[in-house]
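Worth knowing before you read on, the calculation uses all heavy atoms, side chains too, and leaves out hydrogens, waters and symmetry mates. Just so we're clear, the structure is a prediction, and the values are computed from it rather than from any experiment.
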Amino acid sequence: MATLTLKKKNNSKPVDKARPDGERRAPLRGKGVSRPRQTLEQAQAERQERQAEFEQRRAREDARPAAPRGRPEPRPDARPGPRGDARAEPRRDARPAGGSSFRREDGPAPEPRRDQRRASGPRPSYPTQGEPYGQAPRPAPRQRAEHREMPSDEGERLSKRMSELGMASRREADEWIAAGWVRVDGKMAVLGQRVGPDVRIEVDQRAHKEQAKQVTILLHKPIGYVSGQAEDGYEPASVLVRSNTQWADDASGIKYHIGHTRGLAPAGRLDIDSTGLLVLTQDGRVAKVLIGEDSDVEKEYLVRVEFVGLNGEPVGPGRASEQMPPERMALLAHGLELDGVKLKPAKVSWANEDQLRVVLREGRKRQIRRMCELVGLKVVGLKRVRIGRINLGHLPVGQWRFLAPWERFD
């Protein structure tokens, strides 16, 4: 005798075997996982893929034979109508539509079935004046509008034009163009493109968001660090930008993360044996304001000096402010040349008996030290305390802070 066995339904919750503790995973909230934000490298790769697809499609269109223009010739089996035009009416001995091999010479050809008439094509439209009866006018082939490129020897580079307009630095502009974020007169720009003075330049919002994430860091550089690349065994000042060296009184409200150290570049030099305010930035606009060709931002220095004289000039004990001749002090402010180039006027005054306050609007290599040597002064200490509107303030040596969103150099 057969026995029927019922299996008991297991109502227990399923266990996630992927987790070692057997705990069930929490369900995802919302409709799904949000899409990650596109990075600059991904945008550039997407731009290259779209460009390659466009070039392939354009090559296929150019290789396709063009449709003949003009009126189509009348069919050879058509007979003229009462007006003398060629009717699209087959002869009695012509093969009927639909592909049938039936042929009848002693009577009219059988009318094709309804489904065969549909398969044979659309019904001919009524002719316009001058067109053959039953033949619809064939539209002219569409011509692809071609974008006229500016010749390579005319205009100026698009990246330079964007830099002059204050949109971005040249480096940033080239990156945006490669990512497909720049349009000129409604058309996507290409690297190396030259434009005229009256073009309309549009920048995608993604570029502005990328630019808004760039930061500028103010560092109190100690002696023994170089401003830019490492040289002669000395480390660059950028190695001091770490989470544990951020100033505790930083009021910018920006939270530090490792991405803030990528692409930092010094906006102006500060000698290895000098200390003071050094600007490191990811924003090309800030770099252009501080070290661009047309930059006119003031840099203020405190310079401790000793009067040593010129060409064996006797110098006795005393304070530099008392030993320095007034005419040399005036020459230090305006009238000196370095490497055959006349220097811009500077503001020079005594901060105390052995310390000068110098304000420059340019930044040549070791400029203040070489200027002092020309008037008989030896620099024994140099500290930069201000760049434009930004002061060094109470920022400790070796520490840094962010440039706040409301702060500007010019």
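More than 12 heavy-atom neighbours from other residues, nucleotides or ligands sit within 6.0 angstrom of NZ on K288.
For K347, the salt bridge (charged side-chain N to carboxylate O under 4.0 Å, His left out) partners two or more places apart in sequence, or in a different chain, are E298. In terms of the side-chain contact (heavy atoms from CB on, under 4.5 Å) criterion, residue partners of P222 (sequence neighbours excluded) are, by chain and number, Y225, L240, V397. The salt bridge (charged side-chain N to carboxylate O under 4.0 Å, His left out) search around R242 returns none, not counting sequence neighbours. Listed by chain and number, the residues in a side-chain hydrogen bond (donor to acceptor under 3.5 Å, both in side chains) with T261 amount to none (sequence neighbours excluded). Considering only residues two or more places apart in sequence or on other chains, E55 meets the side-chain hydrogen bond (donor to acceptor under 3.5 Å, both in side chains) condition with Q51. With sequence neighbours excluded, the residues forming a side-chain hydrogen bond (donor to acceptor under 3.5 Å, both in side chains) with S252 are D250, listed by chain and number. For R319, the salt bridge (charged side-chain N to carboxylate O under 4.0 Å, His left out) partners two or more places apart in sequence, or in a different chain, are E353. Partners of E373 according to the salt bridge (charged side-chain N to carboxylate O under 4.0 Å, His left out) rule, which considers only residues two or more places apart in sequence or in another chain, do not exist here. Scored by the side-chain hydrogen bond (donor to acceptor under 3.5 Å, both in side chains) test, H394 finds no partners at all (sequence neighbours excluded).
Here the shortest heavy-atom pairing between C372 and V305 reads SG-CG1, 4.3 Å. Considering all non-hydrogen atoms of both residues, G398 and T245 come closest at O-CB, 4.0 Å. Listed here is the closest heavy atom pair of L278 and G268: CD1-O, 3.5 Å. A267 and A287 make their closest contact through CB-CA, 4.3 Å (heavy atoms, listed as atom of the first residue, atom of the second, distance). Between P266 and L280, the shortest heavy-atom contact is CA-CD2, 3.7 Å. Nearest heavy atoms, A178 versus L191: CB-CD1, 4.2 Å.
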Can you give me every donor-acceptor pair (side chain of residues 335-344, partner residue at least two apart or in another chain, under 3.5 Å) with its distance?
residue : atom : partner : partner atom : Å
D339    : OD1  : R370    : NH2          : 2.9
D339    : OD2  : R370    : NH2          : 3.3

May I have the list of side-chain donor-acceptor pairs in residues 403-410 shorter than 3.5 Å, sequence neighbours left out?
residue : atom : partner : partner atom : Å
E407    : OE1  : R401    : NH1          : 3.1
E407    : OE1  : A404    : N            : 2.9
E407    : OE2  : R401    : NH2          : 3.3
R408    : NH2  : D410    : OD1          : 3.1

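Of the possible donor and acceptor atoms, none in the side chain of T281 sits under 3.5 Å from a partner among the backbone N and O of V286. In terms of modelled atom types and a separation under 3.5 Å, the side chain of N391 and the main chain of G393 share no donor-acceptor contact. In this structure a side-chain-to-backbone donor-acceptor pair under 3.5 Å is missing from E202 to D185. With hydrogens and angles ignored, the 3.5 Å screen pairs a side-chain donor or acceptor of R384 with a backbone N or O of L277. Between the K299 side chain and the V358 main chain, no donor and acceptor come within less than 3.5 Å of each other. With S295 contributing its side chain and L290 its backbone, the two residues share a donor-acceptor pair below 3.5 Å.
Summarising the geometry, atom OG belonging to S159 is positioned 9.5 Å from atom CZ belonging to R194; distances are rounded to the nearest 0.5 Å. Rounding to the nearest 0.5 Å places OH of Y301 at 6.0 Å from CG of L360.
R183 and D204 are not joined by a salt bridge, as no carboxylate oxygen comes within less than 4.0 angstrom of a charged side-chain nitrogen. E49 and R47 are not joined by a salt bridge, as no carboxylate oxygen comes within less than 4.0 angstrom of a charged side-chain nitrogen.
Applying the side-chain hydrogen bond (donor to acceptor under 3.5 Å, both in side chains) test to pairs two or more places apart or on separate chains, those with a residue in residues 303-318 are R304-Q355, E313-R328.
For F402 and W247, the ring centers sit 6.0 Å or farther from each other.
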field: salt bridge (charged side-chain N to carboxylate O under 4.0 Å, His left out) assessment of E300 paired with R357
entry: CA-CA 7 Å; E300 183 176 344; R357 185 181 302 274; 2.5 Å; yes

- prompt: Are R57 and E53 close enough, and set up right, to give a salt bridge (charged side-chain N to carboxylate O under 4.0 Å, His left out), and what steps lead you there?
  reply: CA-CA 6 Å; R57 186 169 62 255; E53 292 177 0; 5.5 Å; no

